[in-house]
Structures are given as structure tokens and as C-alpha cells.
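Just follow the structure's listing: the first ligand is 1, and inside any ligand the first atom is 1. For the numbers below, each heavy atom of this structure counts, side chains included, while hydrogens, waters and symmetry mates do not.
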Amino acid sequence: MTDLSAYETKDALAAAVAEAISEKLRAAIEARGMASFVASGGGTPKPAFELLSQDDRIDWDKVTVTLSDERMAPPEAGVSNADMLREHLLKDAAVSARFLPLDTLSSLEKFDLPFDVVLLGMGGDGHFASIFPDGDGMDAACAPGATILAETIPHPLPPEAPYPRLTLSLPAIRQCRDLFLMISGEGKRDILELAGSDAPEGDLPIRRLLHDPDLPLSIFWAP
Ligand SMILES: O=C1O[C@H](COP(=O)(O)O)[C@@H](O)[C@H](O)[C@H]1O
């Protein structure tokens, strides 16, 4: 398995992920005067975002933040990854970060690629960002010539967020200086091990990251 760091608790996991992101953002600012950060959606990264929001070692006004993926849902549905980011990251020390919601292609054109840090999560079905095992648009989102942003529709639609998605394409995600995968739970660890193996049933989206020797991938996990 690619460089997997295991932590005993979710708090220790969040602290390690927050520190790794902080180090990379500060190094990018030191080297190039600015930094870019792609944040994952979902629930797992919230504690790490809370820690980052208090990190005043980072010149947040030099940091541009966007998302790995977004749900195309009405605001009242309360499932927007952008809202989650505003609640848990874009406040306090991090309030001055520039946030580009993942809603239009034009917002992403403002990024000077490669991204400095991409943080991804993984669902229990082996999806990352909004690249799911089945459904519409998945192959197109992973194709070598894919545009930076892709539309996908998971199948079946997950009951907790039954909406079409916007996702960074796999070629866009690959354009990063560092890629962190943050995962918690024994079940997800099993999925990760399966996808890392050569077993046919491990042919899940996350395998595309695990089997890519050119990706600067670090995996962070806790039970
Ligand atoms: O739908 C999504 O799910 C994954 C995993 O979320 P989690 O709640 O199990 O941590 C997430 O990484 C992705 O960004 C999100 O949109």
C-alpha cells in the first residue's frame, strides 16, 4: 500500500492531516508567494478543517481554496460542500483565504496549475471526489483528455445526497504537488486494501490513484 500513515484516533488523524496541509501551504507561499488548496467534501475532513481554520502560521490571504467536488443541489437541501467549507474552514484565521466555489469552469481557470495540495476523501463504495463506481460521466471524468471539471451522476443516487455532481476530473487532480487521502473506519481500510490489490472486485475508482506510481500520494487513516 502506498505510504499509509495510521493513527490511533480520529483526533490524531485530524491533527496529522491539518499539520501536513499547513506545512505544504506555508512552503508554497515561501517558494512562490501563493498557495492553492483543493479541499474534499464529506464529513471526514471537518475536524482537520477546524484545526486549519485556527492556524495563524499560514498567510491565508495568499491561499486560494476550491473543492474536489460539489453536489448540484438546491441551497435548502443543506448538502453543499461549499457550505461545509464555510462552516469549518473559511473562518477565523482562514477567513481571508480566497474561495472559488466549484460551480463554473471559469472559476477554475483562475488557478495556476499544478495545485499545491489536493485533499481527497473516499466513500465506502471506493469513490473519490465525485468519481463513483457506476453512473453517468465517470469514464469521461477519468479520460486523459478530460476538461478540468466534469459532470457526473452517481448510480444509484446516494440517499444522503441524491444529486448530480460537479467534480474535478482525474487529469485535473493529477496536476498537484501533493495529494493527501484522508480516510477513517475499518470498512474503508478494507476497501482501500482491496483496491490496492489485483483482485477483480477491487476495480473501484480509488484504484486509479493507488496504482499510479507518478502521483505524490500520501494516505492518512484512523479507525
Ligand atoms: O460525497 C462525497 O463523499 C466523499 C466521502 O465523504 P465522507 O463523508 O465519507 O468523508 C467525499 O470525499 C467527497 O468529497 C464527497 O462529495
**Q** Got the closest protein heavy atom to atom 15 (C) of ligand 1, with its distance?
**A**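 It is Asp69 OD2, 3.4 Å.
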
**Q** For atom 9 (O) of ligand 1, what's the nearest protein heavy atom and its distance?
**A**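 Checking every protein heavy atom, the shortest distance to atom 9 (O) of ligand 1 gives Lys188 NZ, 2.7 Å.
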
**Q** Report yes if some heavy atom in the side chain of Ser22 is under 4.5 Å from a heavy atom in the side chain of Leu25; otherwise report no.
**A**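 Not touching, per the 4.5 Å side-chain cut-off.
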
**Q** With the side chain counted from C-beta on, respond yes when Cys176 and Val38 share a heavy-atom pair under 4.5 Å apart, and no when they do not.
**A**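 Heavy-atom side-chain distance check fails, nothing below 4.5 Å.
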
**Q** Quick check: are there more than 12 heavy atoms from other residues, nucleotides or ligands sitting under 6.0 Å from CD of Glu151?
**A**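 No, CD of Glu151 has 12 or fewer neighbouring heavy atoms, counting only those of other groups under 6.0 Å.
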
**Q** With under 30° as parallel and over 60° as perpendicular, where do the rings of His127 and Phe132 fit, or are they tilted in between?
**A**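 Judged by the thresholds at 30° and 60°, the geometry between His127 and Phe132 is parallel.
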
**Q** Would you mind checking if Arg189 and Glu193 are paired as a salt bridge, meaning a charged N to carboxylate O distance below 4.0 Å?
**A**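 Looking at Arg189 together with Glu193, the answer is yes, because their closest N to O distance falls below 4.0 Å.
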
**Q** Polar-atom distance check: Gly41 versus ligand 1, any N or O pair below 3.5 Å?
**A**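 N/O-N/O distance below 3.5 Å exists for this pair.
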
**Q** Quick check on Arg165 - does any of its heavy atoms sit under 4.0 Å from an atom of ligand 1?
**A**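 A heavy atom of Arg165 does come that close to ligand 1.
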
**Q** Starting from Leu157, can I reach Leu166 by hopping between I/L/V/M/F/W/Y residues whose side chains sit under 4.5 Å apart?
**A**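 No, Leu166 and Leu157 fall in different hydrophobic clusters.
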
**Q** With the threshold set at 4.0 Å, does a side-chain nitrogen-carboxylate oxygen contact exist between Arg32 and Asp112?
**A**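 Judged by the 4.0 Å cut-off on N to carboxylate O distance, Arg32 and Asp112 do not form a salt bridge.
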
**Q** Just which atoms of ligand 1 are under 4.0 Å from any heavy atom in Ser68?
**A**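 Atoms satisfying the 4.0 Å criterion: 14 (O).
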
**Q** Quick one: nearest non-hydrogen protein atom to atom 1 (O) of ligand 1, plus distance?
**A**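 Closest protein heavy atom to atom 1 (O) of ligand 1: Arg71 NH2, 3.0 Å.
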
**Q** Just jot down the ligand 1 atoms closer than 4.0 angstrom to any heavy atom of Ala129, in number order.
**A**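 Contacts of ligand 1 toward Ala129, numbered from 1: 13 (C).
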
**Q** Is there a heavy atom in Met182 that sits closer than 4.0 Å to ligand 1?
**A**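 So Met182 does not count as touching ligand 1.
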
**Q** Quick one: nearest non-hydrogen protein atom to atom 6 (O) of ligand 1, plus distance?
**A**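 The closest heavy atom on the protein side is Gly42 CA, 3.6 Å.
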
**Q** Please state whether Asn81 comes within less than 4.0 angstrom of ligand 1, counting heavy atoms only.
**A**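 Under 4.0 Å: yes for Asn81.
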
**Q** Under 30°, 30 to 60°, or over 60°: which ring-plane class applies to Phe220 and Tyr7, parallel, tilted or perpendicular?
**A**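 Correct class here is parallel.
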
**Q** Tell me the protein heavy atom at minimum distance from atom 10 (O) of ligand 1, and give that distance in Å.
**A**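 I find the closest protein heavy atom is Thr44 OG1, 2.5 Å.
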
**Q** To the nearest 0.5 Å, what is the distance between CG on Leu102 and OG on Ser130?
**A**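 Leu102 atom CG to Ser130 atom OG measures 9.0 Å (nearest 0.5 Å).
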
**Q** Would you say Ser130 and ligand 1 have an N/O pair spaced under 3.5 Å apart?
**A**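 By distance alone, the answer is no.
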
**Q** Counting only heavy atoms not in Glu201, do more than 12 fall under 6.0 Å of its CD?
**A**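 Correct, the count exceeds 12.
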
**Q** Just jot down the ligand 1 atoms closer than 4.0 angstrom to any heavy atom of Gly121, in number order.
**A**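 Counting atoms of ligand 1 from 1, those under 4.0 Å from Gly121 are 12 (O).
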
**Q** Nearest protein heavy-atom contact for atom 3 (O) of ligand 1: which residue, which atom, what distance?
**A**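 The protein heavy atom lying closest is His127 NE2, 3.0 Å.
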
**Q** Check each heavy atom of Pro158 against ligand 1 and say whether those closer than 4.0 Å belong to the side chain, the backbone, both or neither.
**A**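 Pro158 to ligand 1: no contact under 4.0 Å from either part.
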
**Q** Looking only at distance, does Gly43 have an N or O less than 3.5 Å from an N or O of ligand 1?
**A**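 Between Gly43 and ligand 1, an N or O pair is found under 3.5 Å apart.
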
